[in-house]
Every structure is written in structure tokens, then in C-alpha cells.
Amino acid sequence: MDYDFTSIERKWQAWWAENKTYKAVEDPSRPKYYVLDMFPYPSGAGLHVGHPLGYIASDIYSRYKRLKGFNVLHPMGYDAFGLPAEQYAIQTGQHPEKTTNENIARYRRQLDRIGFSFDWDREVRTCDPAYYKWTQWAFLKMFDSWFDNALGKARPISELEDAFERGGSGAVDAACGEVEPFSADEWKAKGPKEKSDTLMQYRIAYQGETSVNWCEGLGTVLANDEVKDGLSVRGGFPVIQKKMTQWQLRVSAYAQRLLDSLDGLDWSDSLKEMQRNWIGKSEGCEVVFKVTDGVDTYDMTIFTTRVDTIFGVTFMVLAPESEWVEKLTTPDRKEEVESYLSYVKKKTERERMAETRTVTGVFSGSYAENPLTGEKVPVWISEYVLSGYGTGAIMAVPAHDSRDYAFARRFDLPVVSIIEGCDVSEHSFDAKEGRMCNSGFLDGMDVKQAIEAAKDYVEEKGLGRRKVNYRLRDAIFSRQRYWGEPFPIYYKDGTATPLPFEELPLELPEIGEFKPSEKGEPPLARAKDWTYDGWPLEKSTMPGFAGSSAYYLRYMDPHNDNALVSPEANAYWRSVDLYVGGTEHATGHLIYSRFWNKFLFDLGYVCEEEPFRKLVNQGMIQGRSNFVYRIVGTNTFVSLGLKDAYDTTEIHVDINLVYNDRLDIAAFKAWRPEYADAEFILENGEYVCGWAVEKMSKSMFNVVNPDNVCDTYGADTLRLYEMFLGPVEQSKPWDTKGIDGISRFLRKFWRLFYDRDNLIVEDAAPSPAELKSLHKLIAKEQEDIENFSFNTTVSAFMIAIGELTDLGCHKKAVLEPLTILISPFAPHIAEELWHVLGNTESVTCARFPEYDGRFTAEDSCTYAVSFNGKTRFTVDLPKSMGREEAASHVLSLDKAKKYTDGHEVLKVIVVPGKIVNIVIR
RNA sequence: GCCCGAGUGGCGGAAUGGUAGACGCGAUGGACUCAAAAUCCAUUGUCCCUUAAAGACGUGUGGGUUCGAUUCCCACCUCGGGCACCA
């Protein structure tokens, strides 16, 4: 009987499904292990060969842990809300739910073919009302909470109201927006609307005006991690900055905790570093400068991390959006300032980035007084100062800050060095080192000392205070879109007072069209009767990360209608032990999830503060993308060889429309409505596409389908091959070269059991050599799997099976454990052969064989003999032989004499079991 | 610009201070076969050489530590990723 993977795989997949082999049930008598994959967004492109890389690795680990006796939770679901389905809906009029369900069905079929050990009874879909009920519930909890800085945790808003009753705004140290201090009496005197507005400044889910990333192409705002290079990640449309009132999550309140608990996580250093940078803690000082426009004098606060350089301040700079701009612009400068402001306002985010190096700015006409020197310095306005960070105003020290330096050179402002011996004629000196000079009481100090001394001085004299700033911003939580979770919020007095809608879930209403309304309102404005109790409901929906922030908790108890997760289920499964997914979520999902979990932890709904204990980033399997070149401003496409004669935009084209880099023009026209009437400039009658190796993703249209690999080679070969390609964490382009080797290996494994049609397994006792091969494999596999080194495990299988084939071993006592060993990687063939050996339960129920140490118990081992570090020959010595004995034995050998003749032996180094190095002269 | 990570045969990669190139692919030669497929065996870093023996060189470049460095340290080069006026 040949190895017929098609029927074997079909047979056992059905058997596993029927017997619910991988169903996870809470069982306090057994240790738990929770292995999670980042659930996929079910795109129209389907699953590509890059997705399974991580899924296969986590599946291997899950199966391995089961064999080790753990009760493994290994669920899967779908991140089903999102922009692509909605964009598709706008284009085609199809309801996003319909396309999403179709895509999910396709994903499921594809996943099933690969033989994953998911517990499908726990599947979740973020777009299912029974699921998003709990997303909305968490939002309402955040709406009903504030962050107590003193305790460093979230608390119910009712406790804040009590505190205000007792002592006004001074009674608490809370994370909040801008609030005028008020007394208890003033609080009591406030009307309901005023109270509501004040509390809004404190809520963890709050509504507030902020500068947002507005994407006209998508008709919605986007979070910072949804924008890259000034373009939207989904769709690649330009993004501009715009002031809008939006729902936001007070993630910034958790900045310090998000930073601190990073240390205890078993994540890669690079990922932790990315999060640290994103949080961007900087410790500095706020300093108050007196500023005057010649008429009035104000106190203006700035933030700096280099107070020590305050004697080198030669000017001040305001962000164009700063509220100080209006106050400090003198009448004679008004016209010029206004024209600068309108110039800045016109630019898109992308233009601002592209022009990073060009220095622009304008003088306000006002002057500031240096609080330490009393010196008057001019106040300028420039876009290089950001309104959203610090106070939106800086003190400029051109000698020791390269940005200030560039500005000073551009506008001929003085540069004063305050560090001894540095040359600032060409560049600024930014390093925090050297000895201070021209700095009054700081003179002679080392820079590090001076920073502390200057901070102390500023605080003592009441000129400012120490301050910690974070780059992490609050998350903008509204999207002006249809296909997302509706906010359970309604507005009682028109738009004034948002109130919670408690009868969850608040289901998404049906609407006819998915575009924004004619008035430019979000699509939900099209819904008939989108009201509660006669009052209007919120019309925006939640962003993509809402549904993915707590899904790992829902898997613990997916059918519970009374709680996100029951305390019992949560106490058993606790948190994710192993999380596998891509790095692209480093500053999005993985920050939001940690925030969300900490919030639920503060309120006592979950028992662990961190959601993901160990995290492995699988590398991306890259694809080979193809491009077409559109002439700017037209719908005409020019072939690769001729494109340099035109001004073109490079556009990704689906690799399925391209054969051997030649575009199928008819298929291309049919691909997208906007290309239906495209025209082409051909070379030699063909349209030649460009290509590049890049990330395999639906947006690059370079997806390779794993189904084809399963058809040709089988799922077990696909699994082994993806692991064999290289380390899981490493990125590599997809390449089918080499897959034949894996296929050969599995057939070789099969032939240990079958000789043509005959089962040739025998009951005889295994020989020492056979046991050695087996136990070498057990030891190696155990070590490698624990280290996530799956490619070397596959090599170890090949070696073991090669050895057993050479030994002609067909003994059940060897083959049975061998089958268990290979089952995490190639579960179908293992299951088949496991049953062939007479077992009735799944191989999953077996135990991972114990390594008995036998092969290392041999009495001799091989030493490499080196002279001055160069290895010359090898020699087998008894294991029991001591270092000195081994040294003299080796020196007495004729082979050794050949090298020592005429030389003096200075030293002999013996590393037991490994090497004898003889130092000669 | 700043912060990470990586550079090893024709290719994917192995080796975390101790015989560099495991394992696989590809290639070449051979066995079986009328033939093919499949399978099996041998060779396969470079140089010197008819071949072999023996040797020399060899893990991006240059230095260092060490009896011994792909591995540790310093500097540089190249590639990949992240952040990008964050004061």
C-alpha cells in the first residue's frame, strides 16, 4: 500500500471532528496550557501560505504539550469586522455580513485541510452580536470608570462623584483632560449637563476634541497605528490632520504600567523595544517663561529634557496649532503669521513628512524672558514643534539640539555653546556628555550632574517642576463607518449628554447603502429609527482593534451569556501561555489588548494583569508581487520597459492576473470597476509587469494558496515543509524548491511500516543501535520544541528515519514511539500508522516517550585532537578516562608524535568528551 | 537621523567558545529498468593537483581577547525591520 495522503488526511480529519478529539474542558486535576494564534481577518483573498506558518508552529506546540500531559486550550476564531468588507460593500452593494460569512466559510475549509487541533466549539466571531455584546460591555465599563493616579488603577466613576462631593477636583489625583479646578460647593452647584461635561474629562472611555488622522478616501478617522507614511494602512489613501470630537480611550493613563510590566514578559527583545519606543517615556522638566507681546505679560510653560542647557537658550518656538500663537502675535507680525499658518494648514501629513528637512517658521513679534538669566529671546512659530506633545512650546538651544540648530541657521539666530570645548560651527553637539560652561552655577559640572542640579534649582525657585511625558496617545475609538460595533450610547439633550445604553447587545441596524450619508454623517445616519427612547443613538462605530482586544478571554468561556468570562473559567485558564502572531501588531493590538486587560484586571473581572505571557513572532513568508504602472492623472497603464518615459504610479496587481510577469489584460479590466476602461501602452504586444519580493498580503495581491500545496503533496508535507524552511521567527520568501525532500522523507517513514502491500511491523525486541536512534531523537526533539526550533526537529526526524531504514528496523517497540514523536508535525500520517499498530484511541492521547539516557551511557566518546587550535585527527577514548590520563594517552599516539616532533609541548587542554588541544612551540 | 536584528557553499539553512557547512534542495556519476517513473549508492566550500595522499585558505571587512572565535569585545561596510521633527 502506498502512502495515499489524500484519503488518509480526509479520513482522520473527519474522525477528529466526529470524536471532538481536541475539545478542551476545564479540568482542575490537570495542568492547563493555553496556546493562541492571532485570529485572522477573513479577507476575500483567502488564506495564504504565510498564515499557516504561525498556526502550524502553535499547533505543533499544542500537540506536543498534550503529549506531555497538559490540558491544552487551542482555539480559533475570526476578527470579522473591518474596512475591506465594507469597502467591498460600498463597491458592490453586498452586505458586509454576507461577504464576511462567505470568507469565513472559505477560511474554515482551508484551515481544516491543514489538520489543526483547534477546539472549534469555542470559535468566536467579532461581528456576532453575542460576541460584541461583551465588546460593548467593556466600553461601557470604561465609560463608567476613571483612572486614579494615586492608586495607579481604574475605579468606578461613582467614587469620583463622591470625591467631588467631598472635596471638589482637588480631592483626587486623576488622569484627565483640561479641567478648571473646582471646589465641593462649586461641584454641587453644577447642573446635570455641566456635571456630565466635567466627568467626561475623567472617563476612561471619553468623548473629546482632538487632532485626528482624517482619511477622506475612507471617510473616517484612523488611529496612529492605522496610518503609515501619511497614508492609510487599509487602502493607502492620504491622511490629513483635523480637529474633531471623537470617542477616545485613555490609554495614556496606563503608560507607566504598560512600560513596567513589559519586563516580566517572555517576548522578544525587539518587540518589547518597539513597545517601549511607542510608549516613549521621557523624563524632563516643565519650566515657566515670562512672555510679553509688549502689552501683556503671560506665564508660558515649556517642556524640556535638557534643563541643563537653559543658559544656551537663544529663542523659543511655538507649534502653529498652539493657543499661544494668537496671544503672542504682535499686530505688526499678524499678516505674516497668518499666511504661515494657512501654509501649514494646507499641507497633508504626508507632505509634512516628505519635507522633514526643510525648515520653515515665522517670528511672532513677542519675546520671552529666560527665568535663569533674565535675558530676552524672540518667540518664533514653526511646524517642527508639535502641538500634541509636551506643552506645544519649546525653549530652543541651537548649540545642543540639531533641530534647533537647523532653525537657527535658517533664520540667523545666535548659537551659544554651554559645553566646554565643543565645536558648533558646523553641527550642534547633542550628546549628553562634557563639562558645562557659560552656565552660571552649573559651570564645571558634568552634563549628567548638571541635569539633576538644574532640575533641583528650577523646583526650589518655583520656576517649574519635574515632569514625565509619554509619546503614547489616547486611542481614538470612533470610526465613521458601518461595519463595526455600534456604541451603546445615546444622547439625551440633542448631542449634549451621552448616556449608556444598557440593554446589550445593541445590534447593528440594517441600512440600504453603506456610504456616508448625503449630509456627510456616518453610514448609521441612514438607519431608520436609530434611536432609543426617542433619543438619537451614537452614529459612529468602534474601530477594528475593539473586537480583538479581549477575544482571548472570551475563548475561555465563549458561550456564557452572563459574563465575558466566568470567574471559574478565568481562574483555570488565567492567561495565554503562548501567543503566536506577526510583529505588525506590535504597536496596535498588542498595546490595546494589554491596556484592555489591565483595565478589566483593575475592576476585578480577570485574575491576571498581563494577557500574553510568552509571545513568538512568526516571520513573514514573503511573496513575489507584481506591479502595473499608471500614468499619473490618467487611467492609462504603461508596460515596465517603457515606464521611465512617463510620470507613473506603481500599483500592485493580483499575481493571479499575471503569468510569467505578463499581465492578462482582460482579467485586469474585470478585476476592479475602476480599471474596466483602462488603457494600455504595450511593448511587443504585451504588458510586462514589474515585480518585487515583499510581504505576502491581500493588499499586495501576491497571495499563494495552501490548498494547491495540499492537493499536490498533502497537509503533512506542507506542515513539515513550512517548519523546515527555517526558524519560525525568520522571514523568508515562499519557494517550493525543496518540498520534494519532505515528501520523500514521509514516504520513507511509511516504508518502515509497509513493503508495498504488506505490513512489515514485527514484535521483536529492538537492538541497542535502534534504541540509540530513537532516544537521540527523543532528546533532540524535546529540546528543540521547547526552544521553538522546529526546523532542526524536522532534520532530526530525517536523520532518525534514515538510520532506522539503514538498520532495517521494522519493530513495533521502536515504530510506536516514533509515531508519537512525529505526530505533532505530521498528525495525519501519524494517526493512520498509530491505528495500524493496533491502537484505538487517537495518538493525541498517547504520552511523549521518556528519554532514557541510553545512548549517552556508552563507554567511549570521540575527541578531536588539535595542535595549537588546528584539529588534526580524532580518537575514541573511554568515557571514564580522566583529563590527565587522556592527555598522556593522546601524546603517546604515533599520529600525535608526528606533530609534536621537534616541538616543545607547552600545555594540553582536555575538554571531556569533546577535544584535546595540545599547545606546542 | 535614532533604536533593534541579520550577514556562513550554487540555494534554504545547521553549529552559542571546542572536528564549520548538520539536514534538505540542486548538480554530477553510478545501480536497477527495453525504457521511464520510483527507489538506492557515491561525489559535491575554494585553491594546488591527471588523480590520490598531504597541505593551504575559508563564516561581510579590519582589529582585539583566547591554547582555540561563525560564536565574546571594538570599529566599519551591507541588507532587513521599527520609529521618525516627541524638545
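First the proteins, then the strands, lettered A, B, ... as listed; each starts at 1.
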* Which is it for A/Asp263 and A/Arg276 under the salt bridge (Lys or Arg N to Asp or Glu O under 4.0 Å) test, yes or no, and what are the steps along the way? -> CA-CA 10 Å; A/Asp263 293 333; A/Arg276 286 195 192 99; 3.2 Å; yes
Please write out each protein N/O paired with an N/O of nucleotides 37-42 of chain B under 3.5 Å, distance rounded to 0.1 Å.
| unit_1 | atom_1 | unit_2 | atom_2 | d |
| --- | --- | --- | --- | --- |
| B/U39 | O3' | A/Arg751 | NH2 | 3.4 |

Separation between the [atom1] atoms of [N] and [M], rounded to whole Å:
| N | M | atom1 | value |
| --- | --- | --- | --- |
| B/U51 | B/U43 | C1' | 14 Å |
| B/C32 | B/A37 | P | 16 Å |
| B/G13 | B/C23 | C1' | 9 Å |
| B/G9 | B/G62 | P | 15 Å |
| B/A69 | B/U78 | C1' | 22 Å |
| B/U8 | B/U71 | C1' | 12 Å |

Side chain of [X]: nearest nucleotide among [options]?
| X | options | result |
| --- | --- | --- |
| A/Ser270 | B/A87, B/U19, B/C4 | B/C4 |
| A/Ile394 | B/G55, B/A87, B/G26 | B/A87 |
| A/Lys870 | B/C57, B/U19, B/G24 | B/C57 |
| A/Val385 | B/G24, B/C3, B/A87 | B/A87 |
| A/Glu383 | B/G55, B/C85, B/U19 | B/C85 |
| A/Asn277 | B/U19, B/C3, B/C85 | B/C3 |

Listed partners of [X] passing ring pair (Phe, Tyr, Trp, His ring centres under 6.0 Å), at least two apart:
| X | result |
| --- | --- |
| A/Phe867 | A/Tyr899 |
| A/Phe289 | none |
| A/Phe745 | none |
| A/Phe407 | A/Phe315, A/Trp380, A/Tyr384, A/Phe411 |

* Asked: Residues two or more places apart in sequence or in another chain: which of them pass side-chain contact (heavy atoms from CB on, under 4.5 Å) with A/Glu433?
  -> A/Phe429, A/Ala431
* To do: Report the residues that fulfil side-chain contact (heavy atoms from CB on, under 4.5 Å) with A/Pro414, sequence neighbours left out, ordered by chain and then residue number.
  => A/Thr314
* OP1, OP2 of B/G1 versus side-chain N and O of A/Tyr384: anything below 4.0 Å? -> no
* Asked: Has A/Tyr389 got a side-chain N or O lying under 4.0 Å from the OP1 or OP2 atom of B/A87?
  -> yes
* To do: State, without any angle test, whether A/Tyr340 and A/Thr360 hold a side-chain donor-acceptor pair at a distance under 3.5 Å.
  => yes
Without placing hydrogens or testing angles, list every side-chain donor-acceptor pair under 3.5 Å for residues 278-285 of chain A, not counting sequence neighbours.
| unit_1 | atom_1 | unit_2 | atom_2 | d |
| --- | --- | --- | --- | --- |
| A/Lys281 | NZ | A/Gln256 | OE1 | 2.9 |
| A/Ser282 | OG | A/Tyr389 | OH | 2.8 |

* To do: For A/Glu722 and B/C25, give me the distance from atom CD to atom C1', rounded to whole Å.
  => 17 Å
* Between A/Phe303 and A/Gly869, who's closer to the 5' end of RNA chain B by nearest nucleotide? -> A/Gly869
* Residue whose nearest RNA chain B nucleotide is more 5′ - A/Thr391 or A/Asp740 -> A/Asp740
* At under 4.0 Å between heavy atoms, which parts of nucleotides 12-17 of chain B does protein reach? Answer with one letter per nucleotide, 5' to 3': B base, S sugar-phosphate only, - none. => BSS---
* Once Watson-Crick and G-U wobble pairs under 3.5 Å are found, how is RNA chain B written in dot-bracket notation, 5' to 3', with | for any base paired to another strand? -> (((((((..(((.....[....)))((((((.......))))))(((.......)))..(((((..]....))))))))))))....
* To do: Work out which heavy atom in A/Val291 is nearest to a heavy atom in A/Val379; give both atom names and the distance.
  => CG1-CG2, 4.3 Å
* B/G9: syn or anti, with syn meaning chi within 90° of zero? -> syn
* Give every residue pair that meets the salt bridge (charged side-chain N to carboxylate O under 4.0 Å, His left out) criterion with at least one member in residues 893-918 of chain A, sequence neighbours excluded. => A/Glu904-A/Arg921
* Going by the side chain to side chain donor-acceptor pair (under 3.5 Å) test, which pairs reach into residues 719-728 of chain A, not counting sequence neighbours? -> A/Asp59-A/Arg719
